[in-house]
Participant: 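Provided herewith is a single structure, encoded as structure tokens, for subsequent inquiry.
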Amino acid sequence: MFALVDGNNFYVSCERAFRPSLEGLPVVVLSNNDGCAIARSNEAKALGIKMGQPWFEIQHMQHQHGLVALSANFALYGDISDRMMSLAAGLGPTQEIYSIDESYIGGLDGIRDLTQRAGAVRERILQWVGIPCCIGIAETKTLAKLANHIAKDAERKPGSYPADLARICNLTEQPGERRRKLLQATAVADVWGVGRRIAAQLAEGGILTAWELTQLDAGTVRRRWSVVLERTVRELQGQSCIALEAAPAPKQTIACTRSFGRTVRELPPLLEAVSEFATRAAEKLRMQDGRAGQLQVFIHTSPHRPGPRFYRSTILPLQPTADTRRLVAAATAGLRAIYEPGHDLVKAGVMLLDITGPELGQAALPLDEPANRDHRRLMSAMDAINERFGKGTVHVASTGQTKSAKTWGMRQERRTPRYTTEISEVPLARA
DNA sequence: TCTGGGGTCCTAGGACCC
DNA sequence: TCTGGGGTCCTAGGACCC
């Protein structure tokens with residue numbers, strides 16, 4: 001049995017926790033560069049704002065409907081997430097942190113008063129962290145996700161569901177008839193693992209609800225679609241196919257990519273940007289104690305603008321490494337190889353590929369041991385200094401001198417303070 | 001004027017091997 | 001007239017997730 005604990009409209013809820021005056025207002029959180037809406041309060045959803053909708057399309061709602069838009073404050077969301085996750089863990093013996101706002105809890109069989117217990121955990125998260133969440137409980141992860149969806153829907157639209165399902169929905173307690181009705185009330189597109197494409201194909205075959213999907217034969221689904229959808233069907237039928245993953249698997253690829261605040265044509269700012277992306281990617285790589293065997297760099301113009309497009313990328317083979325200096329050197333060399341003047345570039349990125357554990361990188365360089373050890377010590381020192389004194393305190397020179405001189409940096413005109421992670425931005429309480 | 005960022009897994013087809 | 005069988009590895013593309 002599994003539970004899924006999921007923060008409601010998570011980024012918006014994080015902002016509201018520190019600015020209660022946002023309660024009841026339509027609020028959206030915008031992506032990097034204040035480009036599009038990536039989180040919406042219920043009030044904003046009610047205005048018809050779609051996930052990922054560009055800001056320029058909804059901007060007018062500020063005056064018309066009192067829409068409030070905030071720049072994404074990921075430092076804040078990450079920290080609030082950690083606090084929420086540690087409380088969610090109290091629900092059962094094992095936990096998988098699935099995303100910034102969701103975690104599965106496993107090993108729940110035999111726990112008495114589970115539904116009540118879930119309610120208590122929900123209360124505690126709300127009181128201690130200030131984040132409202134919903135909890136779904138069921139026999140499989142896919143069903144727990146579906147139960148969570150019901151709990152959220154029932155909270156948002158009281159009256160369309162039995163009142164006791166709002167916020168906490170334990171499917172295992174639902175009598176057969178009621179359970180069937182709940183699955184019939186859930187659109188097939190809302191099932192975890194069913195995206196736009198497959199939902200459309202299912203609709204052609206008359207499969208519109210989660211219930212109808214459970215009625216399909218698993219073997220048929222495998223032949224017509226894939227083993228992936230087959231697994232989803234089996235999970236919906238109550239057969240657990242997706243296990244809880246308590247320890248996060250090391251990443252196979254690590255990316256750092258950004259859209260620019262404005263278009264970039266010249267090479268020097270691009271070199272700066274790409275150096276910084278390679279630096280960030282290298283930090284992530286060292287956090288999992290990995291080595292990259294390949295590095296990819298890309299640049300491109302806007303896919304949304306009419307006219308000729310320019311998209312170019314290259315992959316460079318590496319002696320497996322986690323050394324920022326070598327990764328930055330590879331990234332800038334790659335950029336020089338693909339750069340061509342005269343294009344209004346809007347985005348660049350660095351990806352680390354062919355990632356292996358530490359042992360392989362060392363084995364490949366048996367004679368180089370002492371030097372390798374020195375590289376690692378230097379990188380550890382750099383990471384420790386940057387951890388203590390802030391990102392970029394020590395950096396390679398090619399990432400540029402000062403933040404203010406950046407011509408390519410992102411727009412973030414509406415960011416709230418980093419209330420919990422930056423000492424100068426901690427809110428003051430007045431007596 | 002203005003559209004995010006970071007991942008995973010599966011499959012089909014080609015190259016290549018014996 | 002007539003052309004095997006079985007396997008692995010790699011890549012590109014598609015689909016999905018948040």
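Residue numbering restarts at 1 for every chain, and letters A, B, ... go by the order of the sequence lines. Computation of the quantities below employed the complete heavy-atom set of this structure, encompassing side-chain atoms and omitting hydrogens, waters and symmetry-equivalent molecules.
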Participant: Going by the angle between their ring planes, with limits at 30° and 60°, are F298(A) and H300(A) parallel, tilted or perpendicular?
Facilitator: parallel
Participant: Using the ring centroid of each side chain, check whether W192(A) and F2(A) are separated by less than 6.0 Å.
Facilitator: no
Participant: Base, sugar-phosphate, or nothing: which does Q59(A) touch, judged by heavy atoms less than 4.0 Å apart?
Facilitator: nothing
Participant: Is a salt bridge present between E139(A) and R179(A), judged by a nitrogen-to-oxygen distance below 4.0 Å?
Facilitator: yes
Participant: Contact class for S302(A) vs. all strands (heavy atom < 4.0 Å): base, sugar-phosphate, or nothing?
Facilitator: nothing
Participant: Fill in the dot-bracket string of DNA chain C, one character per base: . for unpaired, | for a pair to another strand, ( ) or [ ] for pairs within the strand, taking Watson-Crick or G-U pairs under 3.5 Å.
Facilitator: ....||||||||||||||
Participant: Please determine whether the number of non-hydrogen atoms from other residues, nucleotides or ligands lying under 6.0 Å from atom CZ of R414(A) exceeds 12.
Facilitator: yes
Participant: Measuring to OP1 and OP2 of dG5(B), would you say a side-chain N or O of K347(A) lies under 4.0 angstrom away?
Facilitator: yes
Participant: More than 12 heavy atoms of other residues, nucleotides or ligands under 6.0 Å from NZ of K284(A): is that the case?
Facilitator: yes
Participant: What I want to find out is whether D79(A) reaches R418(A) closely enough, with some N-O distance under 4.0 Å, to be called a salt bridge.
Facilitator: no
Participant: For N32(A) and dG6(B), what is the distance between atoms CG and C1' respectively, to the nearest whole Å?
Facilitator: 11 Å
Participant: Does this structure show an ion pair linking K145(A) with E102(A), if we count only N-O contacts that are shorter than 4.0 Å?
Facilitator: yes
Participant: For E387(A), I'd like to know if atom CD has over 12 heavy atoms of other residues, nucleotides or ligands within 6.0 Å.
Facilitator: no
Participant: Rounded to the Å, how far apart are F277(A) CZ and dG5(B) P?
Facilitator: 8 Å
Participant: Rounded to whole angstrom units, what separation is found between the CD1 atom of I38(A) and the C1' atom of dG4(B)?
Facilitator: 7 Å
Participant: Please report the distance, rounded to the nearest Å, between CG in N33(A) and P in dT3(B).
Facilitator: 8 Å
Participant: Between K251(A) and W225(A), name the one whose nearest nucleotide on DNA chain B is closer to the 5' end.
Facilitator: K251(A)
Participant: Take atom P in dC18(C) and the same atom in dT3(B), then report the distance between them in whole Å.
Facilitator: 25 Å
Participant: Mind calculating the distance between CZ (F260(A)) and P (dT3(B)) to the nearest angstrom?
Facilitator: 13 Å
Participant: Can you check the H300(A) NE2 to dG4(B) C1' distance for me, whole Å?
Facilitator: 11 Å
Participant: Going by an N to O cut-off under 4.0 Å, is there a salt bridge joining E425(A) and R415(A)?
Facilitator: yes
Participant: Sugar-phosphate atoms are those with a prime plus P, OP1 and OP2; base atoms are the rest. Using that split, label each nucleotide of nucleotides 7-18 of chain C B, S or - for protein heavy atoms under 4.0 Å, 5' to 3'.
Facilitator: --------SSSS
Participant: Mind calculating the distance between CG (D34(A)) and C1' (dT3(B)) to the nearest angstrom?
Facilitator: 12 Å
Participant: Just how far, in rounded Å, is C1' of dC2(B) from CD1 of I58(A)?
Facilitator: 12 Å
Participant: Cation-pi check for Y104(A) against K141(A): NZ or CZ below 6.0 Å from the six-membered ring centre and within 45 degrees of the axis, yes or no?
Facilitator: yes
Participant: Ion pair present between E283(A) and R280(A), side-chain N to carboxylate O less than 4.0 angstrom?
Facilitator: yes
Participant: Near DNA chain B, counting only heavy atoms under 4.0 Å, which residues of residues 304-316 of chain A show up?
Facilitator: H304(A), R305(A)
Participant: Salt bridge between R234(A) and E230(A), side-chain N to carboxylate O under 4.0 Å?
Facilitator: yes
